Amino acid sequence: MEKLSHIEVRLQSLGELGELVGALRSMSASRSREAQDAFAGTMAYCATVRRAIAEVALLGGTAWQNDREDTGSDRVLVVITSEHGFVGLFNARLFDYAMELKKEDETLVIVGRRGQILAAERGVADVIAFPMTARTSGITATARRIAARITSFSAARIVFARYERGVGFAPDIVDVLPLEESIVEDAGDNRPVTHLPPTQLIRQLATEYLFAEIARRLMETLASENGARLRAMDNASRNIEEKIARLRRDEHVARQEVTTTEMLDVVTGAE
């Protein structure tokens, strides 16, 4: 049995740790909800850009298919992970999923410091690195930086954490470049009035579509990341509560032993 003083110190430490875990839990819940609320906006913007591409495509024949030449050597795979920890196996699942699907001629782009650490630990070199934002307010700037860096690639795919309400997340992948032929089917018969050549306009819209898709996947991964952190904090909180309950029992026994010892000392002294 531990000394009473040692048990009291451990109880105090666990109490402080519990307060920290509670704060992280509240923050994660708030940020996950914040990202979920922003889904509608990012999805609506993606849909708007897709429709614009489809309508301009009606003016340009095959120009909508993206005027980059696919040489087969300038492909990129973007993997979105978290910047911070306390997310369980969140980053490992995303990284492993990406490495299973990565093609030999694809350049690897890792968003998030935790994913970059995993790459270094597993000997994956030649990685383009970007920090991952921790707030929804930083999504736009982060997406712009990534889009500006990879816009010259002929093909781009994104591995992200698809948010699933109630069950957490699932690693997923989406093709972004080259533009899908199915996009043009959304146009209908609307032929817009433009002041730029269709090919030039398509090129600019393709860049904006790349940004919109990156922002959408960043937002979804951010919600999933905070959901994973929330579950990790729930588990940690339960573990702390169990340890505190066990230490309380030990404290009670230790106090009884101290009291018994003191009483024996008094009785012995009186005799």
Side-chain angles (χ1 to χ4, degrees), residues 28-60 63-66 76 78-82 94 109 111-112 130 132-151 155-196 198 200-228:
S28 300
S30 174
R31 291 186 176 179
S32 180
R33 173 57 59 184
E34 188 179 63
Q36 291 174 53
D37 292 342
F39 280 172
T42 54
M43 292 179 66
Y45 186 67
C46 284
T48 299
V49 177
R50 283 178 64 95
R51 186 168 184 81
I53 292 172
E55 292 179 358
V56 174
L58 296 176
L59 304 176
W64 69 273
Q65 292 177 344
N66 193 352
V76 65
V78 180
V79 186
I80 305 175
T81 63
S82 73
L94 287 169
V109 175
V111 183
F130 287 94
M132 174 60 176
T133 179
R135 302 295 300 269
T136 56
S137 57
I139 291 290
T140 298
T142 302
R144 286 290 182 198
R145 286 193 294 270
I146 299 170
R149 178 64 178 83
I150 70 174
T151 189
R157 302 191 296 165
I158 302 175
V159 171
F160 67 103
R162 176 164 46 82
Y163 182 80
E164 296 183 347
R165 190 181 301 275
V167 296
F169 77 98
D172 203 354
I173 189 168
V174 61
D175 294 319
V176 181
L177 293 177
L179 299 178
E180 302 173 5
E181 295 186 12
S182 60
I183 292 179
V184 75
E185 298 174 0
D186 299 333
D189 296 325
N190 298 324
R191 292 180 176 271
V193 176
T194 64
H195 302 282
L196 292 173
Q200 180 182 350
L201 191 53
I202 284 289
R203 185 186 308 115
Q204 294 178 359
L205 284 172
T207 300
E208 193 64 17
Y209 178 68
L210 176 63
F211 156 74
E213 280 290 336
I214 293 173
R216 175 182 175 182
R217 309 308 168 179
L218 286 171
M219 191 72 74
E220 192 161 359
T221 302
L222 184 60
S224 300
E225 171 197 336
N226 281 287

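These values consider heavy atoms only, across backbone and side chains, with no hydrogens, waters or symmetry-generated copies. The first residue in the sequence is number 1, and the count goes up from there. These figures come from a predicted structure and were not determined experimentally.
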>> So, using side-chain contact (heavy atoms from CB on, under 4.5 Å) as the criterion, who are the partners of A161 when residues are at least two apart?
In response: F90, L94, F169, T221, S224
>> With a 3.5 Å distance limit and no angle check, can you tell me whether E225 reaches the backbone of S82 through a side-chain donor-acceptor pair?
In response: no
>> What's the separation between atom CZ in F160 and atom CD in E220, rounded to the nearest 0.5 Å?
In response: 5.0 Å
>> Once side-chain hydrogen bond (donor to acceptor under 3.5 Å, both in side chains) is applied, do any residues pair with T136, and if so which ones, sequence neighbours excluded?
In response: E34
> Taking all non-hydrogen atoms of both residues, which atom of F130 and which atom of R149 are closest, and how far apart?
Replying inline: CZ-CB, 3.5 Å
>> Show the nearest heavy-atom pair for residues V176 and Y209, with the distance to one decimal.
In response: O-CE2, 3.8 Å
>> Rounded to the nearest 0.5 Å, what separates atom OG in S30 from atom CZ in R135?
In response: 7.0 Å
>> Please enumerate all residues that pass salt bridge (charged side-chain N to carboxylate O under 4.0 Å, His left out) together with R157, with sequence neighbours excluded.
In response: E106
> Looking at residues at least two apart in the chain, or sitting in another chain, which of them share a side-chain hydrogen bond (donor to acceptor under 3.5 Å, both in side chains) with R217?
Replying inline: E213
>> Going by salt bridge (charged side-chain N to carboxylate O under 4.0 Å, His left out), name the residues that satisfy it together with R144, two or more places apart in sequence or in a different chain.
In response: E208
> Does the side chain of V159 come within less than 4.5 Å of V78's, by heavy atoms?
Replying inline: no
>> For a side-chain contact (heavy atoms from CB on, under 4.5 Å) check, start with the C-alpha distance between I150 and L210, then their side-chain angles and the critical distance, and finish with the verdict.
In response: CA-CA 9 Å; I150 70 174; L210 176 63; 3.8 Å; yes
> Can you name the residues that form a side-chain contact (heavy atoms from CB on, under 4.5 Å) with A212, not counting sequence neighbours?
Replying inline: Y45, C46
> Can you list the residues that meet the side-chain hydrogen bond (donor to acceptor under 3.5 Å, both in side chains) rule with S32, with sequence neighbours excluded?
Replying inline: Q36
> Can you name the one residue among I214, L222, I158 that meets side-chain contact (heavy atoms from CB on, under 4.5 Å) with I80?
Replying inline: I158
>> Please report the interatomic distance CD1(I139) to CZ(R216), rounded to the nearest 0.5 Å.
In response: 13.5 Å
> Do I146 and V111 pass the side-chain contact (heavy atoms from CB on, under 4.5 Å) test, and can you show the C-alpha distance, the side-chain angles, and the key distance before you say yes or no?
Replying inline: CA-CA 9 Å; I146 299 170; V111 183; 3.5 Å; yes
>> Which residues pass the side-chain contact (heavy atoms from CB on, under 4.5 Å) test with A134, not counting sequence neighbours?
In response: R31, H84
>> Going by side-chain contact (heavy atoms from CB on, under 4.5 Å), name the residues that satisfy it together with A148, two or more places apart in sequence or in a different chain.
In response: none
> Quick one: side-chain hydrogen bond (donor to acceptor under 3.5 Å, both in side chains) partners of T42, sequence neighbours excluded?
Replying inline: none
